[in-house]
Amino acid sequence: SFPTRRSSDLFSKYPIGWPLVLAGPEKLRCSWLINPLLASGILMCTAMVARAAHGPRTALLAVAITVLSPYFLAQCIALMSHALAGLLTAAACLLCLEGIRCRKLSRFALMYLMIVCAFHVRPLTTLIVAAVLSISAFVCLRREPGLALRLLLVAASAGIVAAGSILVYNRAFTGGPILSPYALQRGLGMPAEISATLPQVLLNIKSIWRSSAQATMLFSFPLVFLLAALGFWKNKQKGPTAWILLAIFSAIVLGHLVQVENSGSVIPERYWFEGFFAITILAAEGVSVVAMALKASRRALTVAACGFAVIQLSMTVVVAGILLGKSSPSAAVRAVAESFLRCSCVVFLKDSPSNFSGEHLNLNGPDWTGASVFYAVDPGPEGRSAWSLRFGHNRWVVITYDPITRGGVVVETQGASD
């Protein structure tokens, strides 16, 4: 169903953080640059965490493992919020480790700033990360009650700001402080996506988690999780870093077992992406363990590195082909839909079974209220005229994807022209 035409009632169910980041670039038509830039930030944070804990060699290896993982590529080229949440998570982890190392409250305050921002991007993931980093910080500061007490005050303040801002956001857009847009979108009181019942968790492990794990291992660096386990084992007695890195990824995986619906990831599990940087840092240390155990020469290591690079670049080409194939129907429909930018009409996007879904293509810009065209999911023949009038137009056009011609096609119009 569609909301009404009033701007106060027409909004996305998603948290406001990612739309805010996208708004300016969307206006300038360069939003495609955002996630690659955020990916660069994740790589920088990965290198900084690895360098501080293990030195420059591990930092270089961690970045190389990340870049050579098609998993990383897949999540950093789409216009989804995972890269932003991933950067905020990696930055929060870096600040937490810096705070533990230098015992400065300012580092923890910046960590909680990252967490508060991340709550408005991916709330469930951020709640998990906040719990891990907060517990880690308090455990490491348990023998310093003064600093621990000040940290508790900062954590409590951040929690109040995060919770309060979400309540204000909910009230502004749904009319109730505890009514989430996720729930309202489905006409429910609580989000349908979350269920913490034991039977549902066990079902997720058997079905969703299994396929997610298989896909993630396939499209990551070879044996990355085994290497991460070796890296953790090597460093588990050398301080909190290895434990915190392992906890972040593990908690994100386990925490999403309450997610009752498949993430719809084209390839590896997108819900786990925010913790992947931690795995690559541990895996980089795992590579060192293997190299030392094999007592390989520099030449042998260079040959092995080149071989893995070739394998992973080939996998990246495969993944790029998969992603291109999945996105080409939407691109074809977009090309036709954007020819109606000045039509003074509503353009309805009709589903094409197994190829194109109109609800996954939002072509409305930040200035949609003043635009001469509004793009909407097709309500069917019976509702097109009525919904056009609700959006202030008496003309409409219907566009869908034709799998035979592999292009977007206009299937029906009422008084509209491009």
**Message:** Using side-chain heavy atoms (C-beta onward) and a distance below 4.5 Å, is Leu341 in contact with Ser372?
**Reply:** no
**Item:** Test log, rule side-chain contact (heavy atoms from CB on, under 4.5 Å), inputs Thr241 and Asn235
**Value:** CA-CA 8 Å; Thr241 300; Asn235 293 281; over 6 Å; no
**Item:** Test item: side-chain donor near acceptor, Ser352 and Thr400, under 3.5 Å
**Value:** no
**Prompt:** Between Ser339 and Ala335, is there a donor-acceptor pair closer than 3.5 Å when you use the side chain of the first and the backbone of the second?
**Reply:** no
**Item:** More than 12 heavy atoms from other groups under 6.0 Å of CZ on Arg186
**Value:** yes
**side-chain contact (heavy atoms from CB on, under 4.5 Å) assessment of Ile248 paired with Val132** = CA-CA 6 Å; Ile248 285 177; Val132 170; 3.9 Å; yes
**Prompt:** Do any N or O atoms from the side chain of Thr174 and from the backbone of Leu179 form a donor-acceptor pair under 3.5 angstrom?
**Reply:** yes
**Message:** Counting C-beta onward and ignoring hydrogens, is there a side-chain heavy-atom pair between Phe356 and Lys350 closer than 4.5 Å?
**Reply:** no
**Request:** Decide whether Ser385 and Trp396 meet the rule of one side-chain donor and one side-chain acceptor closer than 3.5 Å.
**Result:** yes
**Message:** So which atom in Phe273 and which in Tyr71 form the shortest heavy-atom distance, rounded to 0.1 Å?
**Reply:** N-OH, 3.0 Å
**Message:** Is there a side-chain contact between Phe277 and Cys45 in this structure, where contact means two heavy atoms from C-beta onward sitting under 4.5 Å apart?
**Reply:** no
**Request:** Would you confirm whether His54, through its side chain, and Ala50, through its main-chain N or O, come within 3.5 Å as a donor-acceptor pair?
**Result:** no
**Message:** Would you say that more than 12 heavy atoms from the other residues, nucleotides or ligands in this model lie under 6.0 Å from the CZ of Arg142, or not?
**Reply:** yes
**Request:** Might you point out which heavy atoms bring Cys96 and Leu133 nearest each other, and give the distance in Å?
**Result:** SG-O, 3.8 Å
**Request:** Please check if any side-chain donor atom of Ser81 sits under 3.5 Å from a side-chain acceptor atom of Arg122, or the reverse.
**Result:** yes
**Asked** Has the side chain of Arg29 got a donor or acceptor atom that lies under 3.5 Å from a matching backbone atom of Glu26?
**Response** no
**Asked** How far apart are the C-alpha atoms of Val287 and Ile65, what are their side-chain angles, what is the distance that settles it, and do they pass the side-chain contact (heavy atoms from CB on, under 4.5 Å) test?
**Response** CA-CA 10 Å; Val287 171; Ile65 290 172; 4.1 Å; yes
**Request:** Locate the shortest heavy-atom distance separating Ala130 from Ile115; write the atom from each residue and the value.
**Result:** CB-CG2, 3.8 Å
**Request:** Check whether any side-chain N or O of Asp351 sits under 3.5 Å from a backbone N or O of Pro353 as a donor-acceptor pair, and report yes or no.
**Result:** no
**Fill in**
Closest non-hydrogen atoms of Leu97 and Val49, given as atom of the first, atom of the second and distance, are CD1-CG1, 3.7 Å
**Prompt:** Looking only at atom types and distance, does a side-chain atom of Thr216 sit under 3.5 Å from a main-chain N or O of Ala213, one as donor and one as acceptor?
**Reply:** no
**Asked** Which distance, rounded to the nearest 0.5 Å, do you find between the CG of Leu227 and the CZ of Phe221?
**Response** 7.0 Å
**Side-chain touch Ile399/Phe348, heavy atoms, less than 4.5 angstrom** = no
**Prompt:** Are Ser165 and His120 linked by a side-chain donor-acceptor pair shorter than 3.5 Å?
**Reply:** yes
**Item:** Side-chain donor/acceptor of Glu285 to backbone N/O of Gly231, under 3.5 Å
**Value:** no
**Asked** Should we count NZ of Lys236 as having more than 12 external heavy atoms under 6.0 Å?
**Response** yes
**Asked** Any chance the rings of Phe232 and Trp243 have centres within less than 6.0 Å?
**Response** yes
**Prompt:** Under 30°, 30 to 60°, or over 60°: which ring-plane class applies to Tyr271 and His82, parallel, tilted or perpendicular?
**Reply:** tilted
**Request:** Mind checking the OG1-CH2 spacing from Thr125 to Trp272? Nearest 0.5 Å is all I need.
**Result:** 12.5 Å
**Fill in**
Shortest non-hydrogen pair, Gln259 vs Asn204, comes out as O-ND2, 3.0 Å
**Asked** Can you tell me how far the CG atom of Leu84 sits from the CD atom of Glu274, to the nearest 0.5 Å?
**Response** 9.5 Å
**Message:** Please tell me whether Glu269 and Ser212 have a donor and an acceptor in their side chains that are separated by less than 3.5 angstrom.
**Reply:** yes
**Request:** Using a 4.5 Å cut-off on heavy atoms from C-beta on, say whether the side chain of Leu105 contacts that of Leu147.
**Result:** yes
**Ser250 OG to Leu245 CG distance, which is reported to the nearest 0.5 Å** = 10.5 Å
**Request:** Could you tell me how the ring of Phe249 sits relative to the ring of Phe225: parallel (under 30°), tilted (30 to 60°) or perpendicular (over 60°)?
**Result:** tilted
**Request:** Can you see which heavy atom on Phe219 is nearest to which on Met315, and at what distance?
**Result:** CD2-CE, 3.8 Å
**Asked** Does any N or O in the side chain of Tyr375 come within less than 3.5 Å of the main-chain N or O of Ala337, such that one atom is a donor and the other an acceptor?
**Response** yes
**Prompt:** For Ser134 and Tyr112, does a side-chain donor sit closer than 3.5 Å to a side-chain acceptor?
**Reply:** yes
**Request:** Find the distance between CG (Asn35) and CG (Leu79) and round it off to the nearest 0.5 Å.
**Result:** 6.5 Å
**Enclosure of Arg406 CZ (heavy-atom neighbours >12, cutoff 6.0 Å)** = no
**Side-chain heavy atoms of Thr66 within contact of Leu43, under 4.5 Å** = yes
**Asked** Parallel, tilted or perpendicular for Phe391 and Phe374, by the 30°/60° rule?
**Response** parallel
**Prompt:** With a 4.5 Å limit on heavy-atom distance, are the side chains of Lys326 and Leu323 in contact?
**Reply:** no
**Prompt:** Can you tell me if CH2 on Trp209 sees more than 12 non-hydrogen neighbours from other groups inside 6.0 Å?
**Reply:** no
**Asked** Any side-chain heavy-atom pair from Val411 and Asp402 closer than 4.5 angstrom?
**Response** no
**Request:** Drop me the distance from Leu246's CG to Trp233's CH2, to the nearest 0.5 angstrom.
**Result:** 12.0 Å
**Request:** Check the pair Val409, Tyr401 against side-chain contact (heavy atoms from CB on, under 4.5 Å), reporting the backbone distance first and the verdict last.
**Result:** CA-CA 6 Å; Val409 292; Tyr401 177 74; over 6 Å; no
**Request:** Kindly say whether Met217 contributes a backbone atom to a donor-acceptor pair with the side chain of Ser220 at under 3.5 angstrom?
**Result:** no
